[in-house]
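I have placed the structure first, in the form of structure tokens, so that the comments after it can refer back to it.
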Amino acid sequence: MNETLPQLDRLIREKPHSTMLSLEAHILFTNNKTSEWLHNKSKEELKKLMETARKVCPEHKRKFKERMANIAANRKEIQMQRERDKQAAEQRI
């Protein structure tokens, strides 16, 4: 985790219009040494892996959007709770 934050910062500076999903995929691809793993596969196995990846990609994107929506909703709820607490504190004073 410690080495991913500098990578993420660098990628955000270099590719400011990239989505968080593509940045996450880039970091995982690099850290997991996926390229080396793929080069060790036969052409048939590589073709099967790519077909599978194309099929599951929409599901991964959907799940990612759900996660991001949940994070945004949680942040909004926390912000609203802080505002309510602040207003309650002001009313007490």
Side-chain angles (χ1 to χ4, degrees):
M1 177 82 179
N2 293 340
E3 64 189 45
T4 59
L5 290 177
Q7 283 180 315
L8 180 60
D9 289 341
R10 182 183 54 80
L11 285 172
I12 290 173
R13 276 194 316 274
E14 291 175 359
K15 304 169 188 258
H17 298 291
S18 293
T19 64
M20 193 55 73
L21 182 59
S22 67
L23 295 174
E24 180 181 322
H26 187 277
I27 290 171
L28 287 173
F29 189 88
T30 304
N31 289 347
N32 291 339
K33 302 194 184 340
T34 308
S35 181
E36 293 172 18
W37 180 76
L38 286 173
H39 286 301
N40 292 329
K41 300 294 179 190
S42 68
K43 290 193 180 216
E44 295 152 2
E45 193 172 5
L46 184 61
K47 186 176 178 180
K48 287 179 186 177
L49 287 169
M50 291 300 159
E51 285 177 19
T52 303
R54 283 185 202 99
K55 288 178 184 176
V56 299
C57 185
E59 180 65 17
H60 284 291
K61 285 183 179 181
R62 185 189 62 75
K63 286 181 181 180
F64 182 79
K65 285 182 182 179
E66 284 179 8
R67 282 196 328 254
M68 295 307 285
N70 286 339
I71 290 170
N74 288 341
R75 286 180 179 165
K76 188 172 185 175
E77 180 59 37
I78 290 169
Q79 184 179 14
M80 290 172 58
Q81 182 61 41
R82 286 181 181 159
E83 287 293 322
R84 288 192 293 262
D85 292 346
K86 185 178 176 181
Q87 289 175 356
E90 287 176 0
Q91 287 179 355
R92 277 186 256 136
I93 293 175

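The basis for the numbers below is simple: all heavy atoms, side chains too, and nothing from hydrogens, waters or symmetry mates. Residues: numbered from 1 along the sequence shown.
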Side chain to side chain contact (heavy atoms under 4.5 Å, CB included) for Leu8 and Met20? Distances and angles first, verdict last. CA-CA 9 Å; Leu8 180 60; Met20 193 55 73; 4.2 Å; yes
State the NZ-CG distance between Lys33 and Asn40, to the nearest 0.5 angstrom. 13.0 Å
Using a 6.0 Å cut-off, check whether atom CZ of Arg10 has over 12 heavy atoms from anything other than its own residue. yes
Check whether more than 12 heavy atoms from other residues, nucleotides or ligands sit under 6.0 Å from atom NZ of Lys15, and answer yes or no. no
Side-chain polar contacts of residues 44-56 - donor-acceptor pairs under 3.5 angstrom, sequence neighbours left out - could you list them?
unit_1 : atom_1 : unit_2 : atom_2 : d
Thr52  : OG1    : Lys48  : O      : 2.9

Any chance you could measure Gln7, atom CD, to Leu23, atom CG, to the nearest 0.5 Å? 11.0 Å
Option among His60, Glu66, Met68 that satisfies the side-chain contact (heavy atoms from CB on, under 4.5 Å) test with Phe64: Met68
Begin with the C-alpha distance, continue with both residues' side-chain angles, and end with the deciding distance and a verdict on side chain to side chain contact (heavy atoms under 4.5 Å, CB included) for Thr34 and Leu28. CA-CA 8 Å; Thr34 308; Leu28 287 173; over 6 Å; no
Tell me if a side-chain donor or acceptor on Ser22 pairs with a main-chain N or O of Ser18 at a distance below 3.5 Å. no
Should Ile12 and Ile71 be counted in the same cluster of Ile, Leu, Val, Met, Phe, Trp and Tyr side chains packed under 4.5 Å apart? yes
Heavy-atom nearest pair, Pro16 first then Arg13, reads CD-O, 3.8 Å
Indicate yes or no: does Glu77 engage Arg84 in a salt bridge with an N to O separation below 4.0 Å. yes
Check Lys61 with Glu24, please: is the shortest side-chain N to carboxylate O separation under 4.0 Å? no
Can you tell me how far apart NZ (Lys41) and CD (Glu36) are? Round to the nearest 0.5 Å. 13.0 Å
